[in-house]
Amino acid sequence: MGKFLSCLLLVHLVVLSAVAQQRNVKGSVISNDNNEVLPGVSIKVKGSRTVTQTDANGEFQLNLAGSNDLELAYVGYQTLTIRVGESDSFIKVKLIPNEASLKEVIITSYSREKRAQFSGAASVLTAQQINQVPVGSFEHALQGQAAGVYVTAGSGQPGSAARLIVRGVSTINGSTNPLFIVDDVPTESTIVYAINSADIQSVTVLKDAAATALYGSRGSNGVVVVTTKRGAVGPLKFNYNSQLGVSVKNNDNYSMMTSAQRLQFEEEVGLESPDTWRSVSVPGWNFSERNPANLNLSTEAKARNTGILDSLRNINTDWRDVFFRNGKYQRHNVSAAGGSEKFRFFSSGEYFDQDGIAEESYMKRYSFRTNLDFTEKRFSANISLGLGYSRTSGIENENNSSSFNPFASVYYALPYEQPYINGMLYHPGNANSAPVSILDQREGSSAIERMLDGTSSSDLIKAMFTTKLQYKLTNDLYATTTLGVDFRDLDFIRTLLTRPVASLPAKLGSYTEVVNRNLQYVSTSGLNYKKAWASRHQLDLKALFELNRLKFKSTTFVGNGINPKLIGSPAGIPNSTSAPSMATGSRTQSALVSLIGLASYSYNQKYSVNVNYRYDGSSVVGRENRWTGFYSAGLNWNAKEENFLKDIYFLDGLKFRGSYGKTGSQFPGNFNAFSTYETTKYSGSTGIVANSPGNSDYDWEITHQLSTGIDFSLLKNRIYGSFDWYNKISSNLFIDQPLSSTSGFITSRINAGKMRNRGFEGELSGDIVSKKDFFLRVGASFNYNQNKVLDLGQVNDFIVGTTIVREGLPFGTQYAVKWAGVFMQTGDAMYYNRDGTITSTYDPTNQNVTGFGSYIPPFVGGFNSTIKYKDFSLNALFSFVNGYYRLNNEPLYNESPSFATSNKSTALLRRWRNPGDITDIQRYDRNSTRRLSSKDIEDASYIRFRNLTLGYTVPKDLISKVGVKSAMLYVQGQNLYTWTKWTGFDPEDNNNIAIFEYPTARTFSLGLNVNF
Amino acid sequence: MINRYIKCLIAGTVFLTATACNKTLDILPTDTIVANVAIQTMSDLDQAVAGVYGTLGNTNVQYRTVGNADIILSSLMSDENYLPAENVSGNGVNMYKWLLHPDEQNTWANWGSSLTPTNPVIFTGSNYAVIDRANRVLRVIDAVPTTTNEELIRKARQKAELLTIRAFCHFRVLKSYAENYEPQSLGIPYMESINDAPGAVKPSRLTVGESFEKIESDLEAARSIYPSGTVTDVTRLSKLAVYALKARVFLYEKKWDSAAVAATEVINTIPLATRAQFPGIWTDANNSEVIWKLKKDVDNDRIGSFYRTSAGIVEYAASPKLVNLFDQAADIRFASYIKIDNTRGNNKSPYLVNKYAYNTTNVGLADLKLIRVAEMYLIRAEAYAESSNAPGGLALANSDLNALRSARIENYVPTSYNKENLIDEIYQERFKELAFEGHRYFDLRRRSKEINRTPLAADDAGGSKTILKPTDKEYYLPIPGFELRANENMVQNPLYR
């Protein structure tokens, strides 16, 4: 068949040459962004059947007659049509990377591969999926959009990091964070909120060994590769993007008592078990006419009591109104890009300002980026310079049961507590001087007071600089070197003002500053050999040497007795002996040296092999284990290119992939191998004391992964799908082996154990309607992952928080006493013993069991749809998490008689009261302890309406007069609605235990995007 | 030309890898000292020994430290204190209500700590941690070179101190977690060496008798190497402290004669405080009759905050039972130990524990008095009263009790009691004299006396039980659940099985 075609081609050429005056035209094709030659670009002479391809050097020859239009097409690049004049004999073409077809290119810091020839598994997100999402930290935009990546927000605080888990948790105590690479330089994955998401060109998540083994000892958790936008040859382009919006509280399943309910509850409990209120002051009972103590009161006194209760009943403070607010949001972004053949640039600036839905919580960012590309003959340079400054301010005691935490006080504070009386805040410090006697515990007011008198803010400066140089030594051989720096300075400042507590000597205010500096630099150098021959063989070899160095330092100082007029500056610290200051800090560093070899070979674009090897030496493992080799091998079969599939008209693409390889995991702690002493003090003298027993056998955490996949497109590319199956075995797991206390330590970090993640993931999208004026696409992505702990070595199963790590069970398995209901006769809480009998005794050691699910959801994903009608577009994105079981710690506080003076959940209104009552709420009195049990493990599965964007493209004729090329107006809503059974404010979290967290906000914004 | 270039590059790469890389990777800790070079000189040793004392101040469970664990344990378990309604933090409440089980954090205080659902922070302090740190120094102490005679003596004293601390900490574990104090009952593991693979440390429990033997043997070893000569620093353990600890240990073992002999060594060296000196002991103005105290710094955990928080909330108040025992006017102890503050308002306890109130600038910051002479009088009195072969033992016992009472109570008229009454009187005196010093609960256990909290205070928010009998499981402490899970050789106390 192939022979037949080429014969035909030959015949045509012969025929053509017969008709017109032929001449030979030569040319070369290179990439616009890095000047690499592009082999395999297809070149078609328009209006004829002449087609050819560039060779390994990116060069081609054509016999042309007269002037012709050539159409150059290459995967990942915009198709370009150029005119070849009659006199042209040599043409040089630059292809511009295509944003829309970026999904066809897999970018790593070491290579750029065509997806068609890539054997690894990767999810790619393009600029339009990220640029406009109104979140402070860009990785939130990956939620529900990348198959196999579970992205979950831990906090609604603007700028807080999301947790990313790629293809399941493959560690017990190590980090699950993937490695983040921004413009070829590793960056800290948890502090990326200084990066302007509008600068991002693409985000590629590398998932299998073929893709991640390039990163060797840091690849096990997956790799997130971010590239930023670059200039293109052509006229100067400007872009202005602006968003204005508001963040509001999301829907919740919150149900605390109202004033009337609470007062009634107080009275009823007083009648049921008067002992409960012994020595606790609750007005609902104290002033109740049914209280035996009030029986003999005078009529006036009784009337006064009723009056008091009436006025309390009318207060009804909704603490949600007090602690939540509507947060303002605005963002402005300008960029300019352009350049010539030799020199191109992209430059942008951004102002981002988002207020949280809690008072005092916000994030502001100023970011700047300039990317430069330079090409001169054999030499090319790519320079990326990014700088961000961000200021965030957080709430008090986030994720804590303290009543200073506004999200705890929302629950705790009594509805009949009125924080302000005549405009003055009465908190525990000045409640005694209130004009009226205060009958509540001032829990809400105390949180307000702390909010007003305390600040906790952070200044972040982050710089990311990369220089990439390439020199073409011969036609096939390149020398490359990449130098990069990731710098971060995070300055946390906390002040706590003097609080006037009447009964105490004036408490001193304090000023705390924590300065963290993180510096990471990387240098990668080596050679790249690229060769293509006989028009069907393509070979790409790379040998690189890399050095990674990380240095971190932290300094903390606390000054006491600050001058309240010098808040926010350490100059306010008096350094007096009565209020001594404190200074402390730490430093750490690590080094990673690597030898890297990459080989890829492709035959006829049909079969490709990728082989990677990386030999890593690290300073953080024990000496004997210092050097380890990591590898991967992958195969790719482009089946559509086979003759027997070529003619199947409805199949546009079919590809099979498979890979196997070994990667390692990032290390928690740099010096775990050493047995060490730290400084301490006693009685005025300094001392040293052993602080770690060390482990000289400390080794790498290793993951072996087998991954296979299929990609296909059908019906003129209207249906696209990609499915992957993988089996990931992680061994040598870092385990905090719980020790006998008699050893003098609590845990010891050892390598033991094995864990498996096996799963299936996929993406599917279909263009249901694709007409000129109307376009409808629906898509979905999902990941089903089964995690199983296979082996824990010498270690017995152990408890982590409220979960157990046990062989045969998934990581994160809940471990709790099984709730058996409320005993009808006594109202006692009942629990199951392990043998199935029921008892009122609570004994976790002997009663804890599994069977309540895991807090790492096995099934996650998202679905989306895009509708375009004329100038309007509508994008909707949903994300879902299923099989997600978390421990809700909040009812323990909201239902417990131990915290009697705090407000209670309305669930208590259906408590057990009399023998024979059938209910799920135990009796309420001082001897009925509310305990954590399986009752508190809730199904936190949810579907969240993540984003809805309605856009309107302003018609060209309206705007071209004012010099605007294109303009788009859009409105978008983020986190619009959540469907869940969860009873707290927000089911989404990055951990297991729910304890008064900062919920995710719902953000509405209005945007304008103008290009000119 | 190109080939040469490649060759050079490859050669260079290999060279770099072979030499420079390994050097690059030799990164030593920057914030910590690697153990094998930590203790090489006498000055290092001085620091290391200070470090062992320092670990007694480490946080243990919640807001406890190793040093004050006994005090808090006794306050929560016994009848010294009560839980006023104003304690809304829940701090220690389960233990006060005698809701004990192996995973109840408060019961762990004298054993160790673990990760817990509500407290994800690892607290590193424990008696066994102190023992381990002492053992680590003991392992290398003999190899530390000395050049002068003074250094030789100093080294001997430091070794003796470490052995004493080791015995002291084991004794604290023993009296908390022993099945009971009978010799054949289940005691505790005794740690005398270091295993560099901490995961392999899984000792079993000795009997109570064997545990006491080990404690005695460490104390005796310490006594024998303590250099002569008085050391005035009461923040460090001295030879006298060894005698005092011996007296205390013998009392628990009911080795009455030995207890009396050891106590006498102390009594003959240090006098009781005068009435003028007495209040100054508690504000650390003087060190009268203090044999050993744990020094506290401004930034340390404050024992006083356990009773009354820095926000002024009384979380544990002195029990009316204890308050009523004192002759408030005549007894010099009362004002130092307890303050009655009737101005605190309704629903607030007036009975403040004043022993650790310290001063107004650093409220609650007081050194921990771990051994005092007064206790020696009470030990000797009890020993003499019980001693069968000491002629006139009862008279000697009465005289010790009278000596202490006369020193404390104005115009005290010496009284003589028969043996039975005398033991009760000594117990009552221990209750008063050693209140809030971590003795009461263990004294009751020593003689299997029930814990009786009546009369209750008006605002007592305690549990339903007011009496705990030696037949009740909760009368004893369980071995912590995490220990049983980590160490298969460990067995639980019978009542908790």
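Lettering follows sequence order; numbering is per chain, from 1. As the structure is a computational prediction, the values presented were derived from the model and not from experiment. Worth knowing before you read on, the calculation uses all heavy atoms, side chains too, and leaves out hydrogens, waters and symmetry mates.
- Proximity to chain A (any heavy atom under 4.5 Å) is restricted, for B:E488, to the side chain, taken from C-beta onward.
- Of the two parts of B:L294, the backbone and the side chain both hold a non-hydrogen atom closer than 4.5 Å to a non-hydrogen atom of chain A.
- Residue B:V93 does not touch chain A at all, counting heavy-atom pairs closer than 4.5 Å.
- Looking at B:T30, both its backbone and its side chain come within 4.5 Å of chain A, counting heavy atoms on both sides.
- Only the backbone of B:K293 comes within less than 4.5 Å of a heavy atom in chain A; its side chain stays farther off.
- For B:R485, the parts sitting under 4.5 Å from any heavy atom of chain A are the backbone and the side chain alike.
- Both the backbone and the side chain of B:L28 come within contact range of chain A, each with at least one heavy atom under 4.5 Å from a heavy atom of that chain.
- Neither the backbone nor the side chain of B:K296 comes within contact range of chain A, judged by heavy atoms closer than 4.5 Å.
- Both the backbone and the side chain of B:Y53 come within less than 4.5 Å of a heavy atom in chain A.
- Heavy atoms closer than 4.5 Å to chain A are found nowhere in B:I131, neither backbone nor side chain.
- For B:N195, no part lies under 4.5 angstrom from a heavy atom of chain A.
- For B:P198, the parts sitting under 4.5 Å from any heavy atom of chain A are the backbone and the side chain alike.
- For the residue pair A:R749 / A:N695, no side-chain donor-acceptor distance below 3.5 Å is found, with atom types taken as modelled.
- With a 4.5 Å cut-off on non-hydrogen atoms, B:D26 touches chain A through its backbone and its side chain both.
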| Chi angles and distances behind the side-chain contact (heavy atoms from CB on, under 4.5 Å) call for A:V593, A:D616 | CA-CA 6 Å; A:V593 178; A:D616 270 354; over 6 Å; no
